[in-house]
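Residue numbering restarts at 1 for every chain, and letters A, B, ... go by the order of the sequence lines. Scope of the values below: all heavy atoms of this structure, side chains included, with no hydrogens, waters or symmetry mates.
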2 protein chains.
Amino acid sequence: MATVWQCQGVTSASTAGAVRQGSLRELNLAVVLRRIAAAERPPSRAEIAAGTGLTRATVSAVVDDLIAGRLVAEADPAPRTGAGRPARGLVLAADGPAGLGLEVNVDYLAACVVDLTGAVRHHVVRRADLRPLSPADALDRLAALAAEARAAAVHDGLTLAGAALAVPGLVGDGGLVRLAPNLGWRDVDVPGLLAGHPLAEPVDGIPPLVVDNEANLAALGELHAGPPGSASFLHISGEIGIGAGIVLDGVLYRGARGWSGELGHIPVHPEGRPCRCGGRGCLERYAGQEAVLAAAGLSGGELPADTAATRLADLAAADDPATLAALADAGTALGVAVAGVVNLLDLDTVVLGGGYAPLAPWLAPPVVAEISRRVLTAAWSPVTVRPAALGAQSAAVGGAASVARRIIERPVGWLARSG
Amino acid sequence: MATVWQCQGVTSASTAGAVRQGSLRELNLAVVLRRIAAAERPPSRAEIAAGTGLTRATVSAVVDDLIAGRLVAEADPAPRTGAGRPARGLVLAADGPAGLGLEVNVDYLAACVVDLTGAVRHHVVRRADLRPLSPADALDRLAALAAEARAAAVHDGLTLAGAALAVPGLVGDGGLVRLAPNLGWRDVDVPGLLAGHPLAEPVDGIPPLVVDNEANLAALGELHAGPPGSASFLHISGEIGIGAGIVLDGVLYRGARGWSGELGHIPVHPEGRPCRCGGRGCLERYAGQEAVLAAAGLSGGELPADTAATRLADLAAADDPATLAALADAGTALGVAVAGVVNLLDLDTVVLGGGYAPLAPWLAPPVVAEISRRVLTAAWSPVTVRPAALGAQSAAVGGAASVARRIIERPVGWLARSG
DNA sequence: CCATTTAATTCAACCACTGAACAAATTGCG
DNA sequence: CGCAATTTGTTCAGTGGTTGAATTAAATGG
């Protein structure tokens with residue numbers, strides 16, 4: 001009776017491999033670095049030792065490695081501590097490795113560079129309607145933008161350690177874009193088309209290029225930029241489709257096959273309006289960009305997402321009745337779907353991102369109303385609904401930040417780079 | 001002896017503590033033990049070494065510790081390997097620590113003992129209507145049942161290392177049952193009421209008693225008993241309320257506050273039937289036990305769940321038209337909600353458990369229909385809908401198995417017990 | 001100016017893994 | 001039957017990295 005206790009998932013946390021001798025240092029490098037990254041103010045070696053349970057001797061040795069590897073620097077001025085020898089505060093290095101974030105969307109390309117501290121060191125958005133272009137041409141332009149960003153990073157003394165590309169669509173294994181309906185892409189082999197463009201210097205443990213869903217990376221951006229403490233949240237990207245990134249306990253959940261977050265096709269009126277997915281009454285048909293524009297009396301189903309959102313926000317700010325009604329209805333539909341999600345996942349925060357970010361003043365109230373009406377546990381603990389901290393550009397930033405985060409989670413790859 | 005009563009906390013991935021010197025052994029004990037637990041057939045020390053990357057010397061030393069601690073035993077007969085010195089197969093010990101699973105439900109109490117290998121060594125169900133009893137009286141009876149189970153375990157040479165209690169309701173920190181509507185419990189301090197009843201011998205790292213939602217533990221039972229490969233699934237417990245346990249990548253997801261899985265209050269008809277939760281159109285009002293019984297023309301809203309389910313199954317098997325229609329409608333409503341969940345979480349398996357298990361032949365087809373109609377990615381990869389492997393009794397077994405699983409995940413606690 | 005206090009480093013000791021050599025136990029071939 | 005081949009498991013000196021105490025460093029305060 002062979003009983004299987006643990007099924008190997010796609011990325012299981014408990015798949016921790018064997019701990020060899022050197023792993024000890026590897027693990028402690030990560031522990032100390034995480035501690036420095038998570039601290040409110042620059043901690044001293046002694047504080048880290050007290051907080052982690054390691055000895056001061058060990059912490060000193062580990063910190064030496066981190067400083068030698070340009071991952072950590074000593075902060076000045078030193079924090080005041082009172083009597084005794086003054087502590088030397090430790091901060092993440094601002095001149096070490098950095099992540100490159102890229103985004104391809106319907107009407108713009110974006111590239112940004114985020115360093116270890118989380119600071120956005122470089123950010124370019126190039127507006128252009130990409131729908132007429134072939135995937136190869138679009139990616140060529142993206143590569144040019146990436147090269148610019150890389151040059152800027154090098155100029156700042158940074159080293160790009162990896163890149164993440166956000167795409168508005170379903171992404172399969174190996175960076176294959178299965179379907180990006182609004183771009184008109186289908187089965188596009190992004191890594192293949194980008195081969196030859198050196199986007200980043202390969203670092204052990206950091207893939208040179210990760211392709212991911214735009215909503216996923218935007219959620220990571222929110223995790224990175226948002227206030228600490230909300231480690232379980234739903235980040236909703238309201239565009240033509242409605243995607244969502246799910247962060248549970250500080251970890252992005254990608255689903256069994258990497259296709260989680262299809263919030264737009266949650267049924268809100270089971271026998272309601274037919275949807276292009278084949279179902280009926282999907283959320284997208286009530287709170288998607290096209291539906292809201294139509295309800296507000298605007299015809300531009302082909303408007304870019306942020307243009308549409310700002311136009312709606314302008315009209316709503318001017319108290320246009322049709323727009324206000326359209327947003328109220330969309331918010332209610334969104335609230336119904338979100339209430340279901342919160343009931344299921346017990347989230348404490350819902351973030352309105354993408355095109356929803358500028359509309360949050362009008363969307364959030366009905367969403368909150370539906371949540372408090374329908375969520376059983378809302379009485380015990382309130383659910384926060386707030387706009388995305390990074391706004392519409394969070395996917396590129398989130399991608400770049402995810403690269404930096406990976407280095408913090410496993411610094412040995414970077415340290416092994418060149419000695 | 002001061003025993004610490006605690007609830008299964010929300011474990012954050014980033015709380016990974018420092019790796020002290022001894023942790024190295026601690027981690028490798030877990031690595032080797034997991035390997036033995038996950039293997040199809042008893043592996044040899046050499047196979048473990050090859051599979052993990054550890055040296056044979058290290059594996060031998062680790063295995064010696066595990067055998068000395070009665071967590072592992074050498075299997076006989078030894079597996080045939082061909083030429084060379086014959087390997088000595090390693091299996092999980094059947095006479096070491098074991099977990100105690102308990103369940104309080106509307107019309108029965110249950111206790112079971114599961115050993116490390118996953119075998120159910122003892123299982124008692126005591127039928128009784130618990131609703132007239134006070135929580136204290138009910139828990140007294142439960143404690144008596146637990147004492148019996150403990151005696152049986154000791155008789156078998158087992159040592160109980162912890163207990164898990166399944167309750168049909170919301171469980172807060174510290175084992176406080178906030179609300180168990182069908183039991184009529186509200187803010188019941190279970191650990192306080194059970195103080196003095198030695199349910200298990202405290203083991204470092206294994207809380208003596210964990211109180212958890214019935215649906216959560218049932219999902220763990222399914223993870224334990226179900227076929228391997230489905231490490232991300234939704235386990236639905238259809239009772240008077242509809243709860244769900246969410247297993248993602250082999251890990252039970254509890255939610256930010258431990259209250260995940262309220263599937264019953266997902267809206268399926270936003271302005272439909274009013275629900276006692278204050279919302280309208282909750283799934284529970286269309287697929288909950290009361291709704292189905294009423295639709296089938298049965299009045300017994302107070303029937304125990306399994307009785308109601310078997311009665312419905314009998315009627316359906318006899319082709320009773322009203323029952324068939326009621327189940328079809330319930331299945332459709334369930335399918336709408338589940339389709340939303342699958343769209344959101346990209347699950348590959350949905351398990352019908354609790355009272356739904358015997359009704360699966362009639363519920364599964366409409367659920368599958370709604371999924372294939374509404375789930376965008378169903379075209380790429382099918383979603384399996386199946387009845388629970390353990391049936392209605394999975395919560396107690398799942399709780400007991402979760403205790404055993406904890407020992408496998410962190411054996412050092414058990415090994416430190418008494419030398 | 002000196003006692004006090006806290007931070008960081010140094011250093012011998014120790015723990016657990018490493019790698020190679022060795023012993024054990026079986027198969028297969030002459 | 002005997003011996004080479006083969007694979008398993010153990011022994012043992014060696015090493016990397018943590019440990020804990022002692023030591024040095026650098027400030028405050030009376």
Set of side chain to side chain donor-acceptor pair (under 3.5 Å) partners for B:Ser60, sequence neighbours left out: none
Salt-bridge contact A:Arg121-A:Asp95 (side-chain N to carboxylate O under 4.0 Å): no
Atom-pair distance (CG on B:Leu29; C1' on C:dA16), nearest Å: 11 Å
Polar side-chain contact A:Arg85-C:dA7 base: donor and acceptor under 3.5 Å: yes
Spacing between B:Asp64 atom CG and C:dA16 atom C1', to the nearest angstrom: 14 Å
Under the side chain to side chain donor-acceptor pair (under 3.5 Å) test, residues paired with A:Arg35 that sit two or more places apart: none
Out of D:dT10, C:dT26, D:dT8, whichever nucleotide has its closest atom nearest the side chain of B:Ala87: D:dT8
Partner residues of A:Glu74 under the side chain to side chain contact (heavy atoms under 4.5 Å, CB included) criterion, sequence neighbours left out: A:Arg45, A:Ile67, A:Arg88, A:Leu90
With B:Arg56 via side chain to side chain donor-acceptor pair (under 3.5 Å) - residues at least two apart: none
Nucleotide-resolved protein contact map, nucleotides 13-20 of chain D, B/S/- at heavy-atom distance under 4.0 Å: --BBBBBB
Phosphate OP1/OP2 of C:dT9: any A:Arg45 side-chain N/O under 4.0 Å: yes
Spacing of A:Glu74 atom CD relative to D:dA25 atom P, expressed in whole Å: 16 Å
Which residues share a side chain to side chain contact (heavy atoms under 4.5 Å, CB included) with A:Val403, sequence neighbours left out: A:Ala164, A:Ile206
Residues that A:Pro207 engages under side chain to side chain contact (heavy atoms under 4.5 Å, CB included), provided they are two or more places apart: A:Val210, A:Arg406
Touch class at under 4.0 angstrom, heavy-atom based, for A:Ser44 against every strand present: sugar-phosphate
Can you pull every protein N or O that's under 3.5 Å from an N or O on nucleotides 28-30 of chain C?
none

Sidechain-backbone polar pair: A:Thr117 side chain, A:Ala119 backbone, donor-acceptor under 3.5 Å: yes
Nearest-angstrom distance from the residue atom CZ of B:Arg56 to C1' of D:dC12: 15 Å
Listed partners of A:Arg70 passing side chain to side chain donor-acceptor pair (under 3.5 Å), at least two apart: none
